[in-house]
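So you know, we letter chains A, B, ... as the sequences are listed, proteins then strands, and number each from 1.
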Protein chains: 2
Amino acid sequence: MSQTDLLDRAAERLADRRARLTPTRRRLLQVLEAAPGPRTVPELQIDLADIPVSSLYRALTSLEEAQVVIRLRDSAGTGRYELAEWITGHHHHVTCTVCGRTEDVAVGDGLETAIGRLLSDVAAEHRYRISGHRIEIEGVCSACQRH
Amino acid sequence: MSQTDLLDRAAERLADRRARLTPTRRRLLQVLEAAPGPRTVPELQIDLADIPVSSLYRALTSLEEAQVVIRLRDSAGTGRYELAEWITGHHHHVTCTVCGRTEDVAVGDGLETAIGRLLSDVAAEHRYRISGHRIEIEGVCSACQRH
DNA sequence: TTCGGTGCAAAGGGTTTGCATTCAC
DNA sequence: GTGAATGCAAACCCTTTGCACCGAA
């Protein structure tokens, strides 16, 4: 997806919620698009030093409500933001237990099917109405294996 | 595993690290063993009201280093502690998005094996040495569905 | 002119830490 | 006696919020 497309579609989703694609939000999306992985707010502040923290959080909250970005949690409990899956494509994450870096992971149909069965089992046995799931794969990345 | 066994083995693991199974740590393990799912420190304080927060955190850190407990993160980024899997057996979690309660979920061997194999494949593609995986399921529990 | 967005400052909540004290081996 | 464990208070860090002001539809 081109950057123009991304911004246009983000503007649409925001408009659905009577919100606007302001300069702050636009710059935020540009930084997130260029980022190699999910970013924390303190990290975003490096690229957006002139924007107050509270504005960053509020902009991210708006973008999350408009489903343009999603918020993850890293192992330290800090929020990490990335573009939503309709932009980046469906994926999960692997996290290195040594360096803490998180990478995107594309999953096969077989795994998705297995997860689907797990979810319906759980829904039945625990009488839950399932709304979502998160898979965390842990290991040591190739770089850290060499050290 | 009986409670005596649990405490004995915990004592061993602590001893390996020149740490002791003190009354605080013993009570902590008893509360965690009785809990239906991973607990936050604020929750633990309810059952262990006479123990200062800092002592709870330090005891939990020691127990985590001795690999007797593990620390998870819930969707709010808050740490949640539970007994290690060599005590409880491998399992996953389902969390109610309304009341916030987390329950342990047992998964059938067949399904677990299938998921484990698929996750390993995924990780291998990324040159990760896998140490584990966790699936966090979100939904609304039966009690909250009625309200 | 109305309502959303921003900036600033203060507060919130979980978590960590410095330091003195107490305790177990 | 020596290192581990505890208690207390303060500090930390990420995050949220109240309030006043600005700006776009």
Rounding to an integer number of Å, can you tell me how far B/E43 CD sits from C/dG13 C1'?
14 Å
Side chain A/R73, main chain A/G77, donor-acceptor under 3.5 Å:
yes
Has A/R13 got its NZ or CZ under 6.0 Å from the middle of the six-membered ring of A/W86, at an angle within 45 degrees of the ring axis?
yes
When you measure from the side chain of A/R129 to the backbone N and O of B/C141, does any donor-acceptor pair fall under 3.5 Å?
no
Could you check how far CG of A/L48 sits from C1' of C/dG7, rounded to whole Å?
16 Å
Interatomic distance, B/R26 CZ vs C/dC23 C1' [rounded to whole Å]:
15 Å
Counting only side-chain heavy atoms from C-beta out, which of C/dG7, C/dA24, D/dT16 sits nearest to A/R71?
D/dT16
Counting only heavy atoms from other residues, nucleotides and ligands, does the tally under 6.0 Å from CG of B/D109 exceed 12?
no
Separation of B/D50 atom CG from D/dC8 atom C1', in whole Å?
15 Å
Output field: ring centroids A/H133/B/H92 closer than 6.0 Å:
no
Figure out the CZ/C1' separation between A/R73 and D/dC13, and round it to whole Å.
13 Å
Remember a base hit wins even if backbone is also touched, and classify B/T40 as base, sugar-phosphate or nothing at under 4.0 Å, heavy atoms.
nothing
What does A/G79 touch in the nucleic acid at a heavy-atom separation under 4.0 angstrom: a base, only the sugar-phosphate, or nothing?
sugar-phosphate
When you measure from the side-chain N and O atoms of A/T24 to the phosphate of C/dT6, is any distance below 4.0 Å, counting only OP1 and OP2?
yes
Quickly work out the B/I51 CD1 to D/dA5 P distance and round it to whole Å.
14 Å
Protein-nucleotide distance (B/R80, atom CZ; C/dT15, atom C1'), rounded to Å
15 Å
Heavy-atom pair with the smallest gap, counting every atom of B/H93 and B/V105:
C-CG2, 4.0 Å
Listed in order of residue number, which residues of residues 52-70 of chain A have a non-hydrogen atom at under 4.0 Å from DNA chain C?
A/P52, A/S54, A/S55, A/R58
Side-chain N or O of B/R25 closer than 4.0 Å to phosphate OP1/OP2 of D/dA5:
yes
If the cut-off is 4.0 Å, is A/R27 near the phosphate of C/dT6, judged by side-chain N/O to OP1 or OP2?
no
Ignoring hydrogens and geometry beyond distance, is a side-chain donor-acceptor pair present between A/R80 and A/T102 at under 3.5 Å?
no
Let me know the distance between CZ of A/R17 and P of C/dC3, rounded to the nearest Å.
17 Å
